[in-house]
Amino acid sequence: MIQSKSAGHAKSYFVDALQQSDYYLNDQELQGRFLGRLGARIGVDGSASKDAFFALCENIDPVTLRPLTPRTKEERTVGYDINFHCPKSVSLVHVLSKDSHIMDAFQASVAETMKDIEADAMTRVRKNNTFEDRKTGELLWAEFIHQTARPVDGSAPDPHLHSHCFVFNATWDEHEQVIKAGQFRDINRDMPYYQARFHKTLSDKLIDLGYQIRLTKKSFEIEGVPRGVIDLFSKRTNEIGEFAKEKGITGAKALSELGARTRSKKQKGMGMDELKQGWRKQIREFTGYGPGEQEQSVRHAKKDLAPPKIKADDCIGYAKQHCFERASVMPDRRFLENAYRHSIGERTVSLDSITDKFKNDKNIIHVEEKGRAFCTTHVVLTEEKHMVQLARQGQGKFRPLYQDVPHFHKLNDQQNAAISHVLTTSHQVSIIRGAAGAGKTTMMPFATKLMEKAGKRITVVAPSSGASRVVLAAEGFKEATTVAQLLVDKDMQADLKNQILWVDEAGLLGTKDMVAILELGKQQNARIILGGDTRQHSSVSRGDALRILNTVAGIKTAEISKIHRQKNFQYRDAVKDLSNGQVKSAFVKLDDMGSIKSIDPLKPNDELVSDYIKAVKNKKSALIVSPTNQQGENVTDKVRVKLRSTGLIGKRELTAKRLSPLNLTEAQKSDWRNLEKNMVVQFSQNVPGIKRGSVWEIEESSEKGISLVNADGKATSLPLEKANAFELYKPSEIGLSKGDKIRITKNGFDENDRRLNNGDAFEVVRVDKSGKINLINKASKSTYTLGKDFGHIAHNYCTTSHSSQGKTVDEVFISQPAATFPATDAKQFYVSVSRGRDKATIYTDDKEALLEYAERIGDRQSALELVGSRNLHLDMVQQMERDSYTNHKSNNISKEYSRNDNLTDKGYEPEL
């Protein structure tokens, strides 16, 4: 869905891309037409003529020639181009078939989906002190269907059946009896939901026509159309992809706009018959088939449907497992999007049956908040409730270790107050919240010395190996380890008996791990100190546990907000504002300092790379941060070219094996359709016949099972029911030169059985022809050798903000073009900006939009908050949370919850 921001833009778009006579030629394309209930109301239907289209762009009714809506602003949103694209195999079968059956199915699917969108149409109501959005259910759009893609390098266009539905910014308000501007924000946000419905509708119609469907990562394909042929006719897609990679452009919207900017010249004088002959010739040359052989049909005679492999219940079960692995609360439409996609290829499961099962599933809790529907499950709610109860059960459980705590002159007042807080408390669980760079870790040795004097032994852990074995080790905690290690090591757990567990970076813990830690503390009668920052990133897994313990459980928090990391006072003030949630104020300060640089969208990385190289040459420690991995790889490519040209890395480059994690959920890993040939499987747990740590490659994937083979040629089957015991990787290659900086991406061992931790940073000394890699740790001067099959490495020039959390460098460079904005929020912006000591520089092509996205709070709502949201809305929770941080009144929210009768409506106990 692409916004058209002016009448001139919309008109030029019509002339350049939509109008039949101006797109290729002859019989290749179809005449545009007006559709929609609003069109029927005002008498605009039938062929989409240029005059009528232009009138609507100017907000003029083409029939009456009067203004369509009461107000016409100069710079107004004219409308939105909603694109519908067929999978490539569907386009190929259509253009090579002898009738219009594919076209008919496509048009019908587009029509049904556009009716879904139209039914959700709304308008703003801003009268009589009313501020709401009212559903209208009427739209007007012009539909243009094309059968070919833009040509590449002067060649004939590829087959590509697609539709542009240009929706005008107008809707009928029945209540006010007037045509008004529409409110399209929610439709735009829910576009993945409509896309899933479109794919499901089209695939069902194709199955009815005799085709077999294969689900893919982004949509589906028709079985029997070779993948090589699909790739052969994806020249335009590949051209855009290569250009985007070169220019560092990512994101669906940005790529779509890039496609518009890079259109080739139109082809003249080619009819559909001539194009079909050319396409058949390309297929013969590619496949080596003789004339006519490729004409064998992938369409089968219609027969009775086979017994269903999956049912609506299975689709709901899959969506529950997938969605709630990494979130406690989901918008209804995000949930349904995943359920719909899971059903693609199974004709007996309809969209309506999935929707009905979702609405009637007794294990799902539905709540409407501010006009939007959300859901959670009883399992998630029970887990959060248990976590809160465990924390509150420890209130007043212990005798304080000290009545009076000595003052350390090397620490500031806030750090001393935090030490006093954890040593004089009678509670089992205490929290120290510290802003980034405020010295949370610095004060830990002072506190632990006093604990040891009181006869206590302290076990220190952190969620990540980078935090536990690098950051904590630098502060003297050589024995620090990970939370994961603690939760599987029975000896470590036994050592906690009547002692103290200190969890650093506890904001990165999800609900499941936090429950496990609290259970362990209860079993071992151990005190638990949780240090972290709830304004920084939270766990990848479900639940913002530390925040919930503070806001819902009412666990008192000691605050360390005085920042020491930043040396420049203006920079420090900006980071302080970010730590307090004052994003706009921080943004203005950073901009006034010249820390926010405007970049050319087509050259987004040039200035950043130049500044980074300058810092490296000046012997500064430097880090590039970007919200997305894709943008990070684009920047890395540019950085390495510049490093090589300046002699900072070697000119000779050899390739080594790289395994890129696919980061699939357990639900995705248990569905064979997501597992493809040549993917690499590594086991993190022992399963029957397969050892922990062993590496395998997928040889074949089908509904009959997944066959694996290892480097020794041994074969076995992948136990999909043990999805929690393995991870999946995409094999590729990584270019390495002498002097390259790399990082380890998974715990493991080198050739000499020396431990390697996820996040460890090294410099490349040598890569030999066999694929072995010699590394050096520049800080410790220790050397390591990676075997040719290790694979878990990446360049260490640019990282995501999540991976950068806990790191400190002299200068941080933040690559944040518009394509990364969907991954941008207050947490991401705060973490990224606060990494530097001397300076932070942000590179963006849209300052205004960046601020808008950076102001999004980014907290994930908890199930407890959702259930109580009918009277206590999320914005109130967040505001009270901010107040608690600054005023030390963290018990307020707990009291509000205890007064909230809504929790008793469904049987939830009022102590929540």
Side-chain angles (χ1 to χ4, degrees), residues 17-20 23-33 35 48 81-114 141-152 156-166 194-195 197-214 216 218-227 229-240 256 259-260 263 266-267 270-280 282-283 297-299 344:
L18 302 180
Q19 189 180 23
Q20 177 220 351
Y23 208 74
Y24 309 114
L25 275 184
N26 303 334
D27 58 348
Q28 292 184 35
E29 310 306 332
L30 308 179
Q31 175 65 46
R33 55 180 182 160
L35 296 165
D81 178 21
I82 300 177
N83 292 203
F84 292 80
H85 299 271
C86 271
K88 184 60 68 175
S89 60
V90 179
S91 296
L92 279 164
V93 172
H94 162 62
V95 296
L96 296 178
S97 62
K98 297 178 180 179
D99 59 30
S100 65
H101 67 283
I102 296 283
M103 173 68 80
D104 295 340
F106 173 67
Q107 282 190 280
S109 301
V110 171
E112 288 181 33
T113 309
M114 282 303 302
W141 65 91
E143 179 189 58
F144 302 88
I145 293 180
H146 303 307
Q147 301 175 74
T148 56
R150 283 273 173 172
V152 175
D158 284 334
H160 180 40
L161 181 58
H162 62 289
S163 171
H164 295 266
C165 291
F166 191 93
Y194 300 118
Q195 177 175 282
R197 289 184 66 91
F198 167 67
H199 286 159
K200 172 62 175 171
T201 302
L202 178 58
S203 62
D204 282 354
K205 292 183 186 299
L206 292 173
I207 292 172
D208 290 342
L209 289 169
Y211 297 99
Q212 294 180 1
I213 299 302
R214 170 174 55 85
T216 63
K218 294 184 178 179
S219 58
F220 67 88
E221 298 289 357
I222 292 177
E223 285 282 16
V225 179
R227 294 193 185 189
V229 175
I230 292 173
D231 294 338
L232 177 67
F233 289 105
S234 301
K235 290 188 282 292
R236 174 62 177 155
T237 301
N238 295 336
E239 179 195 43
I240 294 173
S256 184
R263 289 192 180 99
K266 295 175 265 306
Q267 297 292 309
M270 295 186 71
M272 187 57 72
D273 289 341
E274 188 178 355
L275 285 171
K276 286 183 178 181
Q277 290 176 15
W279 292 329
R280 288 191 174 100
Q282 288 184 63
I283 294 174
S297 179
V298 293
R299 187 180 183 185
I344 289 175

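Note that these values count all heavy atoms, side chains included, but never hydrogens, waters or copies made by symmetry.
Partners of Glu112 under the side chain to side chain donor-acceptor pair (under 3.5 Å) rule, at least two apart in sequence or in another chain, are Lys205. In this view, Arg33 and Glu143 satisfy the salt bridge (Lys or Arg N to Asp or Glu O under 4.0 Å) rule, not counting sequence neighbours. Here Phe220 pairs with nothing under the ring pair (Phe, Tyr, Trp, His ring centres under 6.0 Å) rule; sequence neighbours left out. The ring pair (Phe, Tyr, Trp, His ring centres under 6.0 Å) search around Phe106 returns none, not counting sequence neighbours. Among residues two or more places apart in sequence or in another chain, the ring pair (Phe, Tyr, Trp, His ring centres under 6.0 Å) test is passed with His85 by His160, His162. Looking at residues two or more places apart in sequence or on another chain, you find no ring pair (Phe, Tyr, Trp, His ring centres under 6.0 Å) involving Tyr194.
Cys165 has its side chain out of reach of Asp81: every pair of non-hydrogen atoms, C-beta onward, lies at least 4.5 Å apart. For the pair Arg299/Leu209, a side-chain contact is recorded, criterion being any heavy-atom separation below 4.5 Å from C-beta on. Residues Val90 and Val225 fail the side-chain proximity criterion, which asks for heavy atoms closer than 4.5 Å. Contact of the Gln107 side chain with the Ile145 side chain is registered, since non-hydrogen atoms from C-beta on lie closer than 4.5 Å.
Expressed to the nearest 0.5 Å, how far CD of Gln195 lies from OG of Ser219 amounts to 7.5 Å. Atom NE2 of His94 is separated from atom OG of Ser89 by 13.0 Å, given to the nearest 0.5 angstrom. One distance of note links NZ of Lys88 with CG of Asp158; it measures 5.0 Å at 0.5 Å rounding. For the atom pair Ile344 CD1 and Ile213 CD1, the distance stands at 9.0 Å (nearest 0.5 Å). The distance from atom CG of Leu206 to atom SG of Cys86, rounded to the nearest 0.5 Å, is 7.5 Å.
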### Query
Taking it one step at a time, do Leu275 and Val95 satisfy side-chain contact (heavy atoms from CB on, under 4.5 Å)?
CA-CA 9 Å; Leu275 285 171; Val95 296; over 6 Å; no
### Message
Checking Val298 against Glu223 for the side-chain contact (heavy atoms from CB on, under 4.5 Å) test, could you report, in this order, the C-alpha distance in whole Å, the side-chain angles of both residues, the deciding distance, and whether it holds?
### Response
CA-CA 7 Å; Val298 293; Glu223 285 282 16; over 6 Å; no
### Task
Test Met114 against Leu35 for side-chain contact (heavy atoms from CB on, under 4.5 Å), laying out the working first.
CA-CA 10 Å; Met114 282 303 302; Leu35 296 165; over 6 Å; no
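Closest heavy-atom contact between Glu221 and Thr216: CG-CG2, 3.8 Å. In terms of heavy atoms, Leu161 sits closest to Ser91 at N-OG, 2.8 Å. Across Phe144 and Gly32, no two heavy atoms sit closer than the pair CD2-CA, 3.6 Å. The two residues Ser109 and Leu202 come nearest to each other via the heavy atoms OG-CA, 3.3 Å. Taking all atoms of both residues into account, the shortest heavy-atom contact from Lys276 to Ser97 is NZ-O, 3.6 Å.
Ring geometry, Phe233 versus Trp279: the interplanar angle exceeds 60°, so the pair is classed perpendicular (tilted spans 30 to 60°).
The aromatic ring centroids of His146 and His164 lie less than 6.0 Å from each other. Aromatic ring centres of Phe198 and Phe84: separated by under 6.0 Å.
With hydrogens and angles disregarded, no donor-acceptor distance shorter than 3.5 Å links the side chain of Ser100 to the backbone of Met103.
With respect to the salt-bridge test (charged N to carboxylate O, under 4.0 angstrom), the residues Asp204 and Lys200 qualify.
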